[in-house]
Amino acid sequence: MISYVFDIGERARKVGRFLSSVRAELQNAAMEEKKARKLTQQDIASALGVHRSVINRQLTGEENLTLSRVAELAWVLGRDVHLTLDKPLGDLSNEYPITPPSTSEGLPQQPLGGAPTPSTSAEWSKEDDHDINYRLEMV
Amino acid sequence: MLTYMATIDTLVASGGLIDIKVPLERGELPHRLVYGYPDFRDWLENEVPKMTCGRLNADEPPCIQVDNRLHQWISGKRIVYSTHFKDLSPLKDEVWELKTADTRVFGWMHRPCVFIAVFGDAADLYKYPTRRKSYEDARAKVISARDRINLDHPKLTGGTFDDLVCV
């Protein structure tokens, strides 16, 4: 059996599939509202003060979709947005995706949030960081 | 005279077709399949990683677009008619294209949820003002490849988008 796995790397895959899932959620919500109250892309665009083509391109992945625009679209579509960051199930010991940063590479000594910052790379353990699964839900 | 015809499995075993996969996420299972001609595999492996965004200036590069679309297809996620997957005119030829903003993959449906990809290309090559190739030629290339492949009849399945794509 000859198979070929098209693998673009975990980082690119994670980014691409997350963005794709966000668009899919928005498209599904837009379709539901079109059926329920005949809300068109033109109505959405008018509510946000942009041209209809902007909304179309953003929903189809042909234009950048900012977090602000996601929230604005959720508002127009009558949805709440919930973003959660889940730890994946299972052993992560062989899947740690990044090299722990060192202070010499510019790690801030006092982050904005006031959380404790490791002073050396040795203190930046696997328990401090982890692989992240993103999930966006529109309710 | 009897002529030996191959199944998909025997074609894959002989290298005539390649089982195309993408890494699935935890908990996902394949609900649709993609088999590709060797040219399609070569395009995925050698051309797609080098492609840059076309005139639509899409949000993601073509390699991410293709991963997304293949992932949507294989994992059984929603596929949108026309935007993601579309039949070429005339419909009786049963030639389909799997689409992203910057890429086109031409092929046919062997069975519901089983797409045979003949070749891939850059979308801008088929659209004004950068058009250098035609959909008519793409359709003819798929039909020619389909006619030549030694695959059990019926080689293709016709039907509506919903018949062929919905899982």
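Naming: A, B, ... by sequence-line order, numbering from 1 per chain.
- For Pro23(B) against Val5(A), the heavy-atom pair with the smallest separation is CD-CG1, 3.9 Å.
- Note: the hydrophobic cluster containing Ile116(B) does not contain Leu91(B) (ILVMFWY, side chain heavy atoms under 4.5 Å, direct or indirect links).
- One finds a salt bridge joining Asp59(B) and Arg23(A) here, because a Lys/Arg side-chain nitrogen approaches an Asp/Glu carboxylate oxygen to under 4.0 Å.
- The CD atom of Gln65(B) sits 11.5 Å away from atom CG of Leu19(A), with the distance rounded to the nearest 0.5 Å.
- Remark: His31(B) NE2 is packed, more than 12 non-hydrogen atoms of other residues, nucleotides or ligands lying under 6.0 Å away.
- The neighbour count for Lys34(A) NZ, taken as heavy atoms of other residues, nucleotides or ligands under 6.0 Å away, does not exceed 12.
- Taking 4.5 Å as the limit, some side-chain heavy atom of Arg78(B) sits within range of a side-chain heavy atom of Met31(A).
- Separation of atoms CZ (Arg13(A)) and CG (Leu24(B)) is listed at 9.5 Å; rounding is to 0.5 Å.
- Under the 4.5 Å side-chain heavy-atom criterion for Ile, Leu, Val, Met, Phe, Trp and Tyr, Tyr135(B) and Leu56(B) are members of distinct hydrophobic clusters.
- Neither Ile44(A) nor Val80(B) shares a network with the other; the hydrophobic side chains, linked directly or stepwise wherever heavy atoms of I, L, V, M, F, W or Y lie under 4.5 Å apart, form separate groups for each.
- Contact count against chain B (heavy-atom pairs under 4.5 Å) is highest for Glu63(A) among Gln58(A), Glu63(A), Gln27(A), Arg57(A).
- Between chain A and the residues Leu70(B), Asn68(B), Val22(B), the largest count of heavy-atom pairs under 4.5 Å involves Asn68(B).
- Val66(B) touches chain A through backbone and side chain together, each having a heavy atom under 4.5 Å away.
- The environment of Arg11(A) atom CZ is sparse: at most 12 non-hydrogen atoms of other residues, nucleotides or ligands sit within 6.0 angstrom.
- Between the CG atom of Asp7(A) and the CG atom of Asp67(B) there is a distance of 8.0 Å, given to the nearest 0.5 Å.
- Distance check: Ile18(B) CD1 to Tyr4(A) OH gives 10.5 Å after rounding to the nearest 0.5 Å.
- One finds the CZ atom of Arg17(A) at 12.5 Å from the CD atom of Glu60(B) (value rounded to the nearest 0.5 Å).
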